[in-house]
Visitor: 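Before anything else, here's the structure in question.
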2 protein chains.
Amino acid sequence: MTSAQILQQHGIRPSLTRVMIYDYLREHRTHPTADEIYSALSPNAPTLSKTTVYNTMKLLSSEGVIKTITIEEQQARFDACTDVHGHFLCRDCGGIFDFDTELPSMKIPEGFAPSVTEIYCIGRCKGCN
Amino acid sequence: MTSAQILQQHGIRPSLTRVMIYDYLREHRTHPTADEIYSALSPNAPTLSKTTVYNTMKLLSSEGVIKTITIEEQQARFDACTDVHGHFLCRDCGGIFDFDTELPSMKIPEGFAPSVTEIYCIGRCKGCN
DNA sequence: AATAACTTTGTAATCAATACAAAATTTAGG
DNA sequence: CCTAAATTTTGTATTGATTACAAAGTTATT
């Protein structure tokens, strides 16, 4: 399915800018920061503004099209894959790796309605071990 | 067990300042920010510096005495309870609630060594529903 | 084309977190 | 004790990710 179609399904108007940003995120599974997305796209889109990247990430995230990864304290990262999976942050090299996991059996109290679940691990990755 | 004893067990010298900060966190299970801890303690500890709070949280967190909660993008929160449990962030009121959960069955690849696991949910809490 | 609605942009501001070096405190040796 | 070394704490200045905001640009509707 095209990025434009996915955006439309979530009630987001698929402007050129939004499709370009979302396309980039779908094609680069590196969990980029807003700044990295901006730097990657701005050579080919000279009028792109960093604020637009932030606006777009916020919009897509709030509509559930992407996931916002807050495993790092300094800055948010983004992931186009919304399937259930975990994120592993290496303390040494700073790399973020996906891993398979099931959702845990959570005892969310009555009346609480979660819309997003995140599973984070922090430690040392294979290369740094 | 006293806060001083716990710090010592983790190889942290239990200075008055560190014990005071850790005591506060153990007694206030509100997941406070560094700024909230500083504001709460500073009337009774006029020479306390906010930098010291940040330093202490970083030290205690890196030694596994406390948990750093990064569920919010804006600022870190801290938790003296290191038992397995999840954190629920309400999008509307901003409250953070503990919930019981088991660790999920995670397929961490060979060679990866996690030392911390976090389970976050974001949604709407009982009061806001 | 005109108007309204929405999107994008650039600049300035916010504010959590850190760097850094001086001051204060604690420890250990004589 | 007394001094020097090691550690901890402090205050100020800085960094840097994110947001506020209003102007400019674009798109849709009549």
Side-chain angles (χ1 to χ4, degrees), chain A residues 3-4 7-8 10-24 31-63 65-78 89 91 94 96, chain B residues 3-4 7-8 10-24 31-63 65-78 89 91 94 96:
Chain A
S3 293
L7 295 182
Q8 247 163 349
H10 286 83
I12 298 169
R13 198 138 52 117
S15 70
L16 281 181
T17 309
R18 287 170 179 165
V19 169
M20 172 183 67
I21 291 173
Y22 182 41
D23 265 343
Y24 178 86
H31 317 99
T33 64
D35 192 71
E36 285 166 355
I37 295 169
Y38 170 78
S39 298
L41 294 178
S42 101
N44 298 320
T47 70
L48 180 64
S49 162
K50 204 179 282 187
T51 299
T52 299
V53 177
Y54 278 107
N55 289 344
T56 303
M57 301 332 274
K58 182 151 286 211
L59 176 65
L60 300 197
S61 190
S62 75
E63 296 303 324
V65 180
I66 66 172
K67 286 199 144 196
T68 301
I69 304 170
T70 61
I71 194 170
E72 283 179 311
E73 286 184 61
Q74 304 78 20
Q75 79 230 87
R77 295 182 170 274
F78 303 97
L89 168 65
R91 270 212 181 79
I96 293 186
Chain B
S3 293
L7 295 183
Q8 248 162 349
H10 287 83
I12 298 169
R13 199 133 59 111
S15 70
L16 282 181
T17 309
R18 287 170 180 166
V19 170
M20 171 184 68
I21 291 172
Y22 182 41
D23 266 344
Y24 178 85
H31 318 100
T33 64
D35 192 71
E36 285 167 354
I37 296 169
Y38 170 78
S39 297
L41 294 177
S42 98
N44 299 321
T47 71
L48 180 65
S49 163
K50 204 180 283 189
T51 299
T52 299
V53 178
Y54 278 108
N55 289 343
T56 303
M57 302 331 274
K58 181 152 287 211
L59 176 65
L60 300 196
S61 190
S62 74
E63 297 303 324
V65 180
I66 65 172
K67 286 199 145 198
T68 301
I69 304 170
T70 61
I71 195 170
E72 283 178 313
E73 285 183 62
Q74 304 78 20
Q75 81 231 85
R77 294 182 171 274
F78 303 97
L89 168 66
R91 271 212 181 81
I96 292 184

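We name chains A, B, ... by the order of the sequence lines, and we start the count at 1 in each one. Hydrogens, waters and symmetry mates play no part in the numbers below; they use all other heavy atoms, side chains included.
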Visitor: CZ of Arg18(A) versus P of dT27(D): gap in Å, rounded?
Guide: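 From Arg18(A) CZ to dT27(D) P: 12 Å.
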Visitor: Between CG of Leu89(A) and NE2 of His31(A), what distance do you get to the nearest 0.5 Å?
Guide: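 Result: 11.0 Å between the selected atoms.
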Visitor: To the nearest 0.5 Å, what is the distance between CD on Glu36(A) and OH on Tyr24(A)?
Guide: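 The distance works out to 7.0 Å.
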Visitor: So where does chain B start and stop touching DNA chain C, 5' to 3', when the test is distance under 4.0 Å to a non-hydrogen atom?
Guide: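 First and last nucleotides in contact are dA16(C) to dT27(C).
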Visitor: Looking at the side chain of Leu48(B), which of dT18(D), dT10(D), dT27(D) is the nearest nucleotide?
Guide: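 So the nucleotide nearest the side chain must be dT10(D).
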Visitor: Between Gln74(B) (CD) and dT19(D) (C1'), how many Å, whole number?
Guide: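 Computing the Gln74(B):CD to dT19(D):C1' distance gives 10 Å.
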Visitor: Check side chain to side chain donor-acceptor pair (under 3.5 Å) between Ser3(A) and all other residues, then give those that pass, not counting sequence neighbours.
Guide: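 For Ser3(A), the residues satisfying side chain to side chain donor-acceptor pair (under 3.5 Å) (neighbours in sequence not counted) are Asp23(A), Arg26(A).
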Visitor: In whole Å, what is the span from the CD atom of Gln75(B) to the C1' atom of dG16(D)?
Guide: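 It is 16 Å, rounded to the nearest whole Å.
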Visitor: Does anything in residues 36-46 of chain A come within less than 4.0 Å of DNA chain D? Heavy atoms only, and list the residues if so.
Guide: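 Output list: empty, so none.
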Visitor: At under 4.0 Å between heavy atoms, what does Thr17(A) touch on the DNA or RNA strands: base, sugar-phosphate, or nothing?
Guide: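 Thr17(A): backbone/sugar contact only, no base atoms under 4.0 Å.
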Visitor: Please give, in whole Å, the distance from dT15(D) P to Lys50(B) NZ?
Guide: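 Roughly 19 Å, once rounded to whole Å.
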Visitor: About how many Å separate CD1 of Ile12(A) and CG of Leu59(A), when rounded to the nearest 0.5 Å?
Guide: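 Reported to 0.5 Å precision, the distance equals 4.0 Å.
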Visitor: How close or far is atom P of dT27(D) from atom CZ of Arg13(A), stated in whole angstroms?
Guide: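 Distance, rounded to whole Å: 9 Å.
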Visitor: Can you see if the side chain of Thr51(B) gets near the phosphate of dG11(D) - specifically, an N or O under 4.0 Å from OP1 or OP2?
Guide: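 Answer no for this pair, as no side-chain N or O of Thr51(B) is under 4.0 Å from OP1 or OP2.
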Visitor: Which of these, Val53(A), Thr56(A), Ile66(A), Ile21(A), sits in a side-chain contact (heavy atoms from CB on, under 4.5 Å) with Phe78(A)?
Guide: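 The residue from Val53(A), Thr56(A), Ile66(A), Ile21(A) that satisfies side-chain contact (heavy atoms from CB on, under 4.5 Å) with Phe78(A) turns out to be Ile66(A).
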Visitor: Check the distance between dA20(D)'s P and Asn55(A)'s CG and give it to me in whole angstrom.
Guide: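 After rounding, the reported distance stands at 10 Å.
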Visitor: Let me confirm one number: the OG1-CG distance from Thr68(A) to Leu60(A), rounded to the nearest 0.5 Å.
Guide: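 So the OG1 of Thr68(A) and the CG of Leu60(A) are separated by 9.0 Å.
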Visitor: Rounded to whole Å, please give me the gap between OH in Tyr54(B) and C1' in dT10(D).
Guide: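 So the OH-C1' distance, Tyr54(B) to dT10(D), works out to 15 Å.
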Visitor: Using 0.5 Å steps for rounding, measure from the CD1 atom of Ile71(A) to the CD1 atom of Ile71(B).
Guide: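 So the gap between those two atoms works out to 12.5 Å.
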Visitor: Nearest 0.5 Å please: distance from the OH atom of Tyr54(B) over to the OG1 atom of Thr33(B).
Guide: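 Atom-to-atom, Tyr54(B):OH and Thr33(B):OG1 are 7.0 Å apart.
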Visitor: Which pairs, with at least one residue in residues 10-22 of chain B and sequence neighbours excluded, count as a side-chain hydrogen bond (donor to acceptor under 3.5 Å, both in side chains)?
Guide: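 Matches after skipping sequence neighbours: none remain.
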Visitor: Are OP1 or OP2 of dT10(D) and a side-chain N or O of Thr47(B) less than 4.0 angstrom apart?
Guide: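 Affirmative; the distance criterion is met.
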Visitor: When you measure from the side chain of Thr70(A) to the backbone of Glu72(B), do you find a donor-acceptor pair of N or O atoms at a distance under 3.5 Å?
Guide: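 Not a single qualifying donor-acceptor pair exists.
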Visitor: With nearest nucleotides of DNA chain D determined for Leu16(B) and Glu73(B) from heavy-atom distances, which residue corresponds to the more 5′ nucleotide?
Guide: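 On the 5' side of the pair lies Leu16(B).
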Visitor: Ile69(A) CD1 to dA17(D) P: how many Å, rounded?
Guide: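 Taking atom P of dA17(D) as the reference, CD1 of Ile69(A) is at 17 Å.
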Visitor: Show me the donor-acceptor pairs, under 3.5 Å and distance only, between side chains in residues 40-50 of chain B and residues at least two apart or in other chains.
Guide:
unit_1: Ser49(B); atom_1: OG; unit_2: Thr51(B); atom_2: N; d: 3.1
unit_1: Lys50(B); atom_1: NZ; unit_2: Asp35(B); atom_2: OD1; d: 2.5

Visitor: Based on the rotation axes of five pairs at each end, what angle does the helix from dA1(C)-dT30(D) to dG30(C)-dC1(D) bend through, to 10°?
Guide: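 Taking five pairs per end, the axes differ by 20°.
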